[in-house]
Trainee: 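Below you'll find the structure I mean.
Any value given below was found using the heavy atoms of this structure, including those in side chains, with hydrogens, waters and symmetry copies removed.
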Amino acid sequence: MAANEAGTELEHLKSLIFSTVSELWEDKEALGKFLNVVRRSETFAPLADTLEQSTVRPAKPTFYGVKSKEFQE
């Protein structure tokens, strides 16, 4: 049960990261600060690196297979 809750929590956090990056995309200074905060977590540091190197705005979280629906339009 605890493993399932941890997986759900990671899905929620991943969804929040993608949504926030998408919203901050045009403000590169704010985006950089946000990604530096994300990097403090070993779990999401590689994701932050990938998003920062991307040249296109990320797709909605569901595109990446994120199951959380709390940040969807």
Side-chain angles (χ1 to χ4, degrees):
M1 184 75 160
N4 188 27
E5 289 177 12
T8 301
E9 184 176 313
L10 287 175
E11 289 294 314
H12 289 276
L13 289 171
K14 191 184 295 185
S15 179
L16 178 60
I17 291 168
F18 283 125
S19 296
T20 304
V21 168
S22 183
E23 290 299 318
L24 293 175
W25 191 255
E26 299 300 324
D27 186 347
K28 297 301 183 188
E29 184 177 344
L31 177 62
K33 289 179 181 180
F34 175 73
L35 291 174
N36 283 336
V37 170
V38 173
R39 279 189 190 91
R40 293 179 189 166
S41 163
E42 288 183 21
T43 304
F44 293 111
L47 176 61
D49 293 341
T50 300
L51 289 170
E52 187 169 57
Q53 294 172 5
S54 176
T55 58
V56 296
R57 183 187 302 259
K60 292 186 179 191
T62 53
F63 176 82
Y64 299 100
V66 177
K67 298 174 186 172
S68 172
K69 295 183 179 185
E70 63 190 332
F71 300 105
Q72 294 180 18
E73 296 177 328

Trainee: Identify the heavy atoms of Leu31 and Leu24 that sit nearest to each other, and give their distance.
Mentor: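 Reported closest heavy-atom pair: CB-O, 3.8 Å.
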Trainee: Say you draw a straight line from CG of Leu47 to CZ of Phe18; how long is it, rounded to the nearest 0.5 Å?
Mentor: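 Output value for this atom pair is 4.5 Å.
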Trainee: Applying a strict under-4.5 Å side-chain criterion to I, L, V, M, F, W and Y, I'd like to know whether Leu10 and Leu35 cluster together.
Mentor: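 Yes, Leu10 connects to Leu35 through the hydrophobic network.
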Trainee: What pair of heavy atoms forms the shortest contact from Thr43 to Pro46, and how long is it?
Mentor: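 Nearest pair, atom of Thr43 first, then Pro46: O-CD, 3.9 Å.
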Trainee: Please name all residues satisfying side-chain contact (heavy atoms from CB on, under 4.5 Å) with Ser22, sequence neighbours left out, ordered by chain then number.
Mentor: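 Once residues adjacent in sequence are excluded, the partners of Ser22 under the side-chain contact (heavy atoms from CB on, under 4.5 Å) criterion are Arg57, Pro58.
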Trainee: Can you name the side-chain contact (heavy atoms from CB on, under 4.5 Å) partners of Asp49, sequence neighbours left out?
Mentor: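 Expected list: Arg39.
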Trainee: Once salt bridge (Lys or Arg N to Asp or Glu O under 4.0 Å) is applied, do any residues pair with Glu42, and if so which ones, sequence neighbours excluded?
Mentor: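 Salt bridge (Lys or Arg N to Asp or Glu O under 4.0 Å) check on Glu42 returns nothing, list empty.
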Trainee: Rounded to the nearest 0.5 Å, what separation is found between the CD1 atom of Ile17 and the CZ atom of Phe34?
Mentor: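 Nearest 0.5 Å value for the CD1-CZ distance: 5.5 Å.
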